[in-house]
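Inspection log for the structure reproduced underneath, given as C-alpha cells.
Every heavy atom of this structure was used, including side-chain atoms; hydrogens, water molecules and symmetry mates were not.
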Amino acid sequence: MVRLVLLLLLIAAPAAAQDRLRIELPEVHPVVGEMIRLTVRGEYTGFVALEEMTFPDSPAYDWMQLLPDDWRQERVNGLPRQVFERQIALIPRRPGNLVIGPVTHHLTKADGAARSVVDVTAPAVSVAVAPYPAPGLPLAARNLKVTDELSDDPARIRDNQTIRRRITITAEDTMAHLLPTRPDLREAWLISFTAPEIRETRLTERGPLAFVQWEWSLRPITGEQGTLPPIRFSWFDLAKRELRGAITQPIIFGYGYVGANVGGGARLTGPWLGGAAALAGLAVALAWALRGQGLRAPDWRRWLPNPHAAALRQAAAAGDLLALRHAARAYADHARRAGRPVDPTALERLDRAIFSPEAGGFDTAAFLRQIRKG
C-alpha cells in the first residue's frame, strides 16, 4: 500500500509542478468597436528572474495595456506559485469570430547559480463579435460628452472681432482614433483659421479615456447674418446597449460689418470715389470700342490701372488687416482676369497674420510691394 501511494505521488508531482499560462476572457457579447477587458494570467513554479511577453498584434483588433504587470505570490491548489497578470483592453475592428492568441511568455528561472529558460504558451481563445448597429465608422463608448465653447457671443459680434470656438469630446472605454474626425466649418460668409487638433488616449483608474479637441478662430467677412449648422454624429452607448446621437447647437452670427459687405477701411470716399468711377467708365468705353473692332479687350485691359489699387493703399495705410484682405482679394481677382496674377503667398501671409494667435506685426508696405509685382 505504501508503495502504491508513493507511486501515485510521483506521477502527480510533474502535473502539480507544471507552469500554466491562460487568457481569461469575460462572458461578453460585443459589437464592433466595443472594448473587451481580458487578463493574461500565469502561474509559475520556482523563481522567475527574467521574463518577456509580447501581446500579438492583429488586423482584427486594436489593443492596449491598461495597467503595469502584476507579480505576486499566491497559493494555487494549496501550492505556492509565482503569479503574473497583465490587463489588456481589446477593441474588435470587424464582425465575426474573433481569435485572440496564442500568447507565449519567455521565462528565465533561477535556482541558486543555475539558470533555465522556459517558454509557456497560453492557447488561443475566441469570441463572437456582432456588427456595429449603424453605417459609418464605429464608436462604442461609455459616458460620451461633448462641450462647445465660444470666447464671446457671436450674435453680438463687433466689427473686426474674431471669436474662438472650441469643441471637446471625451468618451470612456474607447480609443482616441475612433472618435469623429474634425468637422469642416466652411461658409461663404465666414473665414476661419484652424488650430492643431489635440487627440489622445488617456489611461485612468476607470480605464481608457478618449479625448479630442478642435479649435477655430472665426470671423464673418460680409454684412450678412449667418448660422453655423449643428454638428451631428452617432455612437453606441455601452451602458444602455443602444445607439444614440450627439449634436451641437446651431450658432448664429450677427453682423460682422454693418451697412456694407466690405470693411470700413476699404470703403472709397471723396476723390477716390470719383477717380474709381472715371476709371470704370473708361474701361467700359474701351471694352465696347474694342469689341466693335473685333479685338479682344483683355489684351488691352492688362495695361489699365487696377480699380482696387486705391482701396488697397487706403486699407494698408489704416492698418486694418481685414479691410486689407478684402481689398487684396478684389485686387488679385481683377489682376487674374486681366492676365496678371499676383503672388498667392502674399495673401497666405496676410491670412496667417489675421488669424494665427502666434502672429506678430505685419509689414503692410512689404505686402503692397509683393502683391504689385504681378
Side-chain angles (χ1 to χ4, degrees), residues 150-152 154-165 184-196 214-228 251-270 272-273 275-276 279-280 304-374:
L150 296 166
S151 62
D152 212 330
R156 303 185 181 185
I157 190 170
R158 300 184 302 276
D159 224 19
N160 296 330
Q161 182 184 1
T162 297
I163 287 182
R164 284 194 176 86
R165 183 183 190 185
D184 190 5
L185 301 188
R186 276 191 196 173
E187 299 291 340
W189 49 270
L190 184 74
I191 48 179
S192 65
F193 180 84
T194 305
W214 307 306
E215 187 173 300
W216 302 264
S217 297
L218 307 172
R219 185 182 291 187
I221 56 174
T222 70
E224 310 168 32
Q225 191 175 40
T227 301
L228 286 176
I251 297 178
I252 300 174
F253 276 77
Y255 294 102
Y257 281 88
V258 179
N261 285 348
V262 205
R267 287 196 290 269
L268 301 181
T269 59
W272 296 116
L273 184 60
L279 286 173
L304 295 176
N306 192 311
H308 303 282
L312 191 70
R313 290 193 300 270
Q314 187 178 6
D320 185 342
L321 296 189
L322 190 62
L324 182 61
R325 187 183 191 277
H326 282 287
R329 291 289 180 186
Y331 183 97
D333 290 343
H334 181 87
R336 175 179 50 78
R337 290 192 297 268
R340 300 176 61 187
V342 303
D343 185 352
T345 62
L347 299 175
E348 293 172 2
R349 285 180 48 247
L350 178 58
D351 281 348
R352 285 196 298 271
I354 294 173
F355 298 108
S356 174
E358 293 81 16
F362 184 74
D363 189 343
T364 55
F367 173 77
L368 288 180
R369 289 193 299 270
Q370 184 178 4
I371 201 170
R372 288 170 178 166
K373 283 183 180 179

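Considering only residues two or more places apart in sequence or on other chains, W216 meets the side-chain hydrogen bond (donor to acceptor under 3.5 Å, both in side chains) condition with none of them. With sequence neighbours excluded, no residue forms a side-chain hydrogen bond (donor to acceptor under 3.5 Å, both in side chains) with R369.
To the nearest 0.5 angstrom, W189 atom CH2 is 13.5 Å from R219 atom CZ. From R313, atom CZ reaches atom CZ of R372 across 6.0 Å, with rounding to the nearest 0.5 Å. Within the model, atoms CD1 of I251 and CG of L150 stand 4.5 Å from one another, a figure rounded to the nearest 0.5 Å. The distance from atom CG of L368 to atom OH of Y331, rounded to the nearest 0.5 Å, is 9.0 Å. Note: R349 CZ to F362 CZ = 4.5 Å, rounded to the nearest 0.5 Å. Taking CD from E187 and OG from S192, the interatomic distance works out to 10.0 Å, rounded to the nearest 0.5 Å.
When all heavy atoms are compared, the tightest approach of L190 to I221 is N-CG1, 4.0 Å. Residues H334 and P307 come closest through the heavy atom pair NE2-CD, 3.4 Å. Between R325 and L350 the shortest heavy-atom distance is CA-CD2, 3.5 Å. Considering every non-hydrogen atom in both S151 and T162, the closest pair reads OG-O, 4.5 Å. Considering all non-hydrogen atoms of both residues, A346 and F367 come closest at O-CE1, 3.3 Å. The shortest non-hydrogen separation linking I163 to D152 is CD1-O, 3.9 Å.
Contact annotation: the side chain of N306 never approaches that of R340 to less than 4.5 Å [non-hydrogen atoms, C-beta and beyond].
Of the possible polar contacts, none joining the D343 side chain to the Q370 backbone as a donor-acceptor pair under 3.5 Å is found.
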